[in-house]
Structure formats: C-alpha cells, structure tokens
Amino acid sequence: MQVFDFSIFTSISAITFILEGVGDTLLLTFAAISIGLIIGSLLSFGEVYAPPFFAIPVRLIGEILRGIPLMVFFFLLFLGLRLDVWQSAIIGLGLRSAAFQGQILRSSLEAVSIGQLDAAMSLGMTRPQVFREILLPQAIRIMIPGWSNEFITVLKDTSIAFVLSFQDIMTRADLIARSIGRYLEIYIFVALLYFVLVRSSTAILNALYERNRIPGLGEKR
Amino acid sequence: MEKFLGIFNRFGSLLLSGLGYTMFITIVAIVIGFFLGFLLAVLKIYGRGVLKWLAIAYIELIRGTPMIVQLFIIYYGLSQTGLVRLTPLQAAIIGMGLNSAAYQAEYFRSAFLAIPTGQSEAALSLGMSRAQLILNILLPQLLRIVLPSWTNELVALIQYSSIAMVVTIMELTAVAKYIGSKTFLYMQSFIIVGIIYLALSFIFTRLMVYFEHRLSIPGISVTKARV
Amino acid sequence: MKEVLRVVDLKKSYHKNEVLKGVSFSVDEGETKVIIGPSGGGKSTLLYCINMLQRPDSGEVYLDGEEITKGKVRVNEARQKIGFVFQHFNLFLHLNALDNVRVGPLKVRKMSLDEATQTAVAALKLVGISEDLWSHYPAQLSGGQQQRIAIARAIAMNPRIILFDEPTSALDVELIGEVLKAMKDLAYGGMTMLVVTHELEFAMEVANEIMFLENGVIIEKGPPREVIMNPKSERIKRFLGRIHKEES
Ligand SMILES: Nc1ncnc2c1ncn2[C@@H]1O[C@H](COP(=O)(O)OP(=O)(O)OP(=O)(O)O)[C@@H](O)[C@H]1O
Ligand SMILES: [Mg+2]
C-alpha cells in the first residue's frame, strides 16, 4: 500500500462533499459567537454594575462555563436534555463562548482608566452618556485583539461538534475517510481547510482591527 | 441524589480510572509541550534561516487547526501509512503535547519579549555566551513571567484532554458517556464529571497561584495572557 | 464684584483619614486664586469635592449663590458650569484633538455640529493648538499639547469657573511654559480660575490671592507678594524654601 495516495482527490465528489460542510461550520461559528456576544455582554455588565447579590452568581456561572469541557456540555445538552444536534451545538458553543467573551469585555471595561471617566463627568455628562460616549467606544477597541482570538477559538472548536455528528467539515471528512479507507490524505486536507478558514478570518479581523485602531488604545501585544 | 450515589457505587472505580487517564494525558502533554515549546520559542526569536522558518510554520499550522484533526492525523492517519503504529494513549499524549507546544511557544516568546533588553546587554557585557545568557539570566525571569499563562494552558489542556475519547481512550468524558449508556442517567453522569473537571481546574489554579507567590520576585512583572 | 464660587466649611475623610478639616473661601468673578501646599495636604481632594467627583462629608459649595452640594441638585448641570483640568490631562483616548474639545458642546450642551465645531475651534485657537494637530489622537501629542487641549476642552463648555489640579506637574520642564502661557492668557481674558500649582512665578503674576493648604486646613492666605515674600508661618517658609531649591 502506498503511503500517500492523493489520487483520491481526483474524485471530485469526495472534495465537494467535504466543502459542502464549510457553510455549516461557518454558520455554527457565527451563531455561537453572536449568542456568546449577547449573553457575554449581559454577564459582564452584570459583573461590573450589578449589586453583589447578582454579581456573585453571575461570576460563578462564568467560572462554571469556563471550567467544563465543551464536549461535556455537548453531551449534557444532546444526551441529557435531548436537544437536537443543531440546538446542542449552538447552545453549547454559544454559552461557553459567552463566558469567555464576558470575561474579555469585563477586563476591557475595567481597563478604561478612572481619569477618563472623571474627565467625562467633569464635563457634566450623565452616567448613560459617559457609558455611551467614553466607556464603550474605548472598551470595544481594547477588546478587539482578545475578541479576535476568541473568534478563532470558536471556529476551531466547532470541530468538536463532531461528537454530535454535526454535519460540518470535520464530520464529513471523517465519513469520507472511513468510507474510502484513506485517513491521512483526507484529514490533512481538512486540516488545511481549517487553516485556510482560520487564516482568512484572522486577516479579516486584523483588517477590522487596523481600521478602527487608535494610537494608544488597545494596542496588540 | 440517590441516582448520583448509585452511579458512584456502581462506577466509582471506573470514574477513578477515567480521572487517572485525564490527569496522565494532561500532565505528560503539558511537559512535552513545555520543552518543545521552549525550543520553538528560542528558534523563533534567535534562530536563523530554515530553523526559524520551520519553527514559525509549525507554530502557525498547529495554532491554525483544531486539535481533534491533529489527533486524527496522528492516530488514524499515521497507522494507515503502516510506518508507525501508535497506541491510542501514545497518540493522545503525543498529539496533545505537540499541540500544546505551539501555544506554549507563544507564551514563552511574549515572555522573552517582556524582559527588558538591558538584561541581555548587561549579561553580554559580562562576557556571557548566548547559551549562558538564556540559561542563567533569561530563563529564571522567563519562567516567572510565563507562569500565569501556564496556569491558563493547564486548565485548557485538562478540558481539551476530553478530546482523547475520540481515539477510544476511557478518560473522564468517555466514562460519563459509558455510564450514561448503561444506566440512561446521562444527565447525572455528565453533571458528575462536570463537577470533577471544575474541581480539577480549581485545584490546579490554586496550586499555580501558590507557586506564583512562592516564586515571585518584586519587579518581575507577571502579565496575564490568554490562549 | 460678583461671587462665583463659595466653599463653606468643607470636610472630607477617607475612612479614618481626615483629609479636609473644614475649608472655607470664595472666588469672585474674573479672579484667579492659587492653592499651594505640601503633597497629601488635600489639594486635589478639595478640587474634586467642589465639582462632586468626590462627595464631601459636610459643608457647602455655592456656585453663583446656588448650593450644589444639596442632594436634590442635578450634579451634571453644576459640572457643566465648572471646568476641570487634570494633572494627567485625561484627554479621551479614542477621540482626536478636535473631538475631545467638541464632545462636551455637542453631547452635553446639545449644540448642533456646526455650532459645536465653531466653539471647539475657537477654544483650540485660544490655547494655540494649530489646525494640523486637530486630527491627532492624544497618544500622538506631546504632554504640553495634550494639556492645552484639555484646557480648551474646559473652555469650550463656557464654564463659570475652571479648576486646575497641578496642570504642569506631569510635564517635562520645557513644556511647562506653553501651558502656563495659555493659562495666563485665560486669566487676563477674564476667566475665573482656581489653580493648584507650585509655579510661584505664575502665582505672582496672575493670582489675586494665594492660599496655603496643609493637613486639610488653609493655614494662611493673602496677596501673592505677602504670602510668598513674607510668609507669617514657619511652615510656609520651609515649604517655599524646598520649592526654590528644587527649581534651582
Ligand atoms: N480616593 C482616595 N481614597 C483614599 N484616600 C485618598 C483618596 N484620594 C486621596 N486620598 C488621601 O487623601 C490625602 C490627600 O490627598 P490629595 O490627593 O488630596 O493630596 P494633594 O494635596 O493633592 O497631594 P499631591 O500634591 O500629592 O497631589 C492623601 O493622604 C491621600 O492618600
Ligand atoms: Mg494632588
């Protein structure tokens, strides 16, 4: 048996079958990131602004979500709560990402210096104005590099939805690999596919970062 | 509650061995990742030509692809070639170690860059060689700077070690799934291992924070990095 | 002379640390009053209490005869009339020079964009910030430029009084002059000012009165010449001696 047999890629159908999963991989990524952003924002505002009786449970929920493997989450939702594949995948990834995005946003909010807020208040801004005009625009810029990392992490972690037989590129690659008995070539192909997706996302996120970058604020390390 | 206790009674030893696998894989992988990661960081910063280029390519490729795919390539892919035949445990440890190396390399690299250049200049002015400089001056500072990132990496690896179940290893998550399939108490069994994972993260984080304090030297800044 | 600011028996503690132990004074329209005193004496705390960035424990602050320390008063409205210039500038990091000055008139005073821009431009010209710097972000400006823009930001709100908290002490020596010049111009232009500073020459030139604040009380006040050349208390003599030594 040959070590490598890349002739399998002449069979277009194998490749297209895997590539058809790109849509679902990206859809899962965006859905999870969006849910994570919304819930994560609520979590972080809760932690920063809410009174302790609310902030402490919120912090605890964050710790739990960050401390349990994604796979355990998936199984809890899928086998324990009997949600369907899509629901389990989106909610599992989304909730977990919420905990991380919340943490990123919270540390960004806290990174805005007191002096900035004092200056805003000294102009007579109301609390909502300080939040909208000063705190949020600065925190978002401080947040972008860390948030980009989180996006990439979620994109890669969608592959773990493989254990739910979610029909993303990972599951499709595995199906093909098993059916034609060529593992190495197919897995290397799907690895490169992920690499391309990750690199393109990074490029887009970096462009976003550069476009909104302001000297002296949220510089990349 | 009765159901939880029942699971413990019937499957206690299985859970324990699952915990053993999880810990074993995590710790061996992080140690492999530590040495390889350090080497990669040194090559990326101080290396020349092909070596530097290889280190960068390795780090980028590993960090740009999911761990589960890497594991499949090593386990199913390599055995298909017939050249090497790894046991599932070997594959999991090597796969996760190689993966962690790329991340740890970046931690080391940013720690290297966090050390003021004056430190190197002062050491070189004493006539130290490059190797002496790295070992005697930079490494002791580096390890302290890198420690918090290391805590993150350890907690991340504990969780990612659950991926080993896809190459048939009976680590914690796989054990929970097995228990669920035997008892149909999926909810309970995954809650149990969830709590075990939480406890592990908690204990290791505490332990690392303790080391950070024990080893801390005033003036060496400890920066919190993220994966 | 119309009285703009009156502070009556102001007290403030942080936990057990009594920082202000009953401070009273007033500032009339067009006056510049200077506060000097040793580090930790409560100068910053006093200014922060006047515009309520810190809440005083007791005592009153009147602005144009209206008490602003009372719970019912809208603090924001009082702050609009009290400019503040910080030791570390505190320019908004995400806004360029022009927007830093424009954001107050635009968002707080609710001016139209045109009107706010005109106001901001006038203020920037007053402190000598030329047009080529308007699009620069704080991180791209020198400390002296940043502080002058911060002064313009206060001016643009058209306040009744501006409070300065050691506006030049974070600056390199060669940049102090340009900021002091902007402040002198402002004083001569008739702005009411309360300035914490150790720039004695500035005080001699523009201050109507100097107050020496130590350990939370004003232990001496009077015309600059008297306080600086001929202080009554030993403590001020020693304090001034130290400043002179640092300067030479
Ligand atoms: N937010 C705070 N919390 C607790 N203590 C404070 C706070 N702000 C100031 N203090 C304390 O109050 C005292 C007076 O501080 P303040 O900043 O008003 O002094 P200062 O005269 O402005 O000194 P400097 O010349 O150093 O600026 C100091 O002992 C300081 O430690
Ligand atoms: Mg002060």
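A note on names: the letters A, B, ... follow the listed sequences, proteins ahead of strands, and every chain is numbered from 1. Values in this document were obtained by computation on a predicted structure and should not be read as measured data.
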Q: Which atoms of B/Met165 come close to chain A, meaning under 4.5 Å heavy atom to heavy atom: side chain ones, backbone ones, both, or neither?
A: side chain
Q: Roughly how far apart are A/Leu19 CG and A/Ile169 CD1, rounded to 0.5 Å?
A: 8.5 Å
Q: Less than 4.5 Å to any heavy atom of chain A: does that hold for the side chain of B/Tyr160, its backbone, both, or neither?
A: side chain
Q: List the atom of A/Val198, the atom of B/Gly64, and the distance in Å for their closest heavy-atom pair.
A: CG2-O, 3.3 Å
Q: Kindly state each residue pair satisfying salt bridge (charged side-chain N to carboxylate O under 4.0 Å, His left out) with at least one member in residues 13-22 of chain A, sequence neighbours excluded.
A: A/Glu20-A/Arg172
Q: Looking at B/Lys44, I want to see if its NZ is surrounded by more than 12 non-hydrogen atoms of other residues, nucleotides or ligands under 6.0 Å.
A: yes
Q: Is it the backbone or the side chain of B/Leu200 that comes under 4.5 Å from a heavy atom of chain A, or both, or neither?
A: neither
Q: Tell me, for A/Leu193 versus chain B, whether the close heavy atoms (under 4.5 Å) come from the side chain, the backbone, both or neither.
A: neither
Q: Starting at OG1 of B/Thr26, measure out to CD1 of B/Ile30 and round the result to the nearest 0.5 Å.
A: 8.0 Å
Q: Roughly how far, to the nearest 0.5 Å, is the CD atom of B/Gln104 from the CD1 atom of B/Ile32?
A: 10.5 Å
Q: Could you check whether any side-chain N or O of B/Asn99 sits under 3.5 Å from a backbone N or O of B/Gly95, counting only pairs where one atom can act as donor and the other as acceptor?
A: no
Q: Are more than 12 heavy atoms from other residues, nucleotides or ligands located less than 6.0 Å from atom CG of B/Leu5?
A: yes
Q: Chain B contacts: which residues in residues 52-80 of chain A have a non-hydrogen atom closer than 4.5 Å to it?
A: A/Glu63, A/Ile64, A/Arg66, A/Gly67, A/Ile68, A/Pro69, A/Met71, A/Val72, A/Phe75, A/Leu76, A/Leu79, A/Gly80
Q: Give a yes or no on this: more than 12 heavy atoms of other residues, nucleotides or ligands lie within 6.0 Å of atom CZ of B/Phe8.
A: no
Q: Given the options B/Ser161, B/Gly77, B/Pro66, which has more heavy-atom pairs under 4.5 Å with chain A than any of the others?
A: B/Pro66
Q: What residues of residues 155-168 of chain A make heavy-atom contacts with chain B at a cutoff under 4.5 angstrom?
A: A/Lys156, A/Asp157, A/Ser159, A/Ile160, A/Phe162, A/Val163
Q: Let me check something: any side-chain donor-acceptor pairs from residues 183-199 of chain B under 3.5 Å, sequence neighbours excluded? List them with distances.
A:
residue	atom	partner	partner atom	Å
B/Thr183	OG1	B/Ile179	O	2.8
B/Thr183	OG1	B/Leu185	N	3.1
B/Ser189	OG	B/Ala176	O	3.3
B/Ser189	OG	B/Leu185	O	3.0
B/Ser189	OG	B/Tyr186	O	3.1
B/Tyr197	OH	B/Glu171	OE1	3.2
B/Tyr197	OH	B/Thr173	OG1	2.8

Q: Given a strict heavy-atom distance threshold of 4.5 Å, which part of B/Ser201 is in contact with chain A: side chain, backbone, both, or neither?
A: side chain
Q: Check the surroundings of atom CZ in B/Phe4: do more than 12 heavy atoms from other residues, nucleotides or ligands lie under 6.0 Å from it?
A: yes
Q: For A/Phe17, does the CZ atom sit with more than 12 other heavy atoms under 6.0 Å from it, leaving out its own atoms?
A: yes
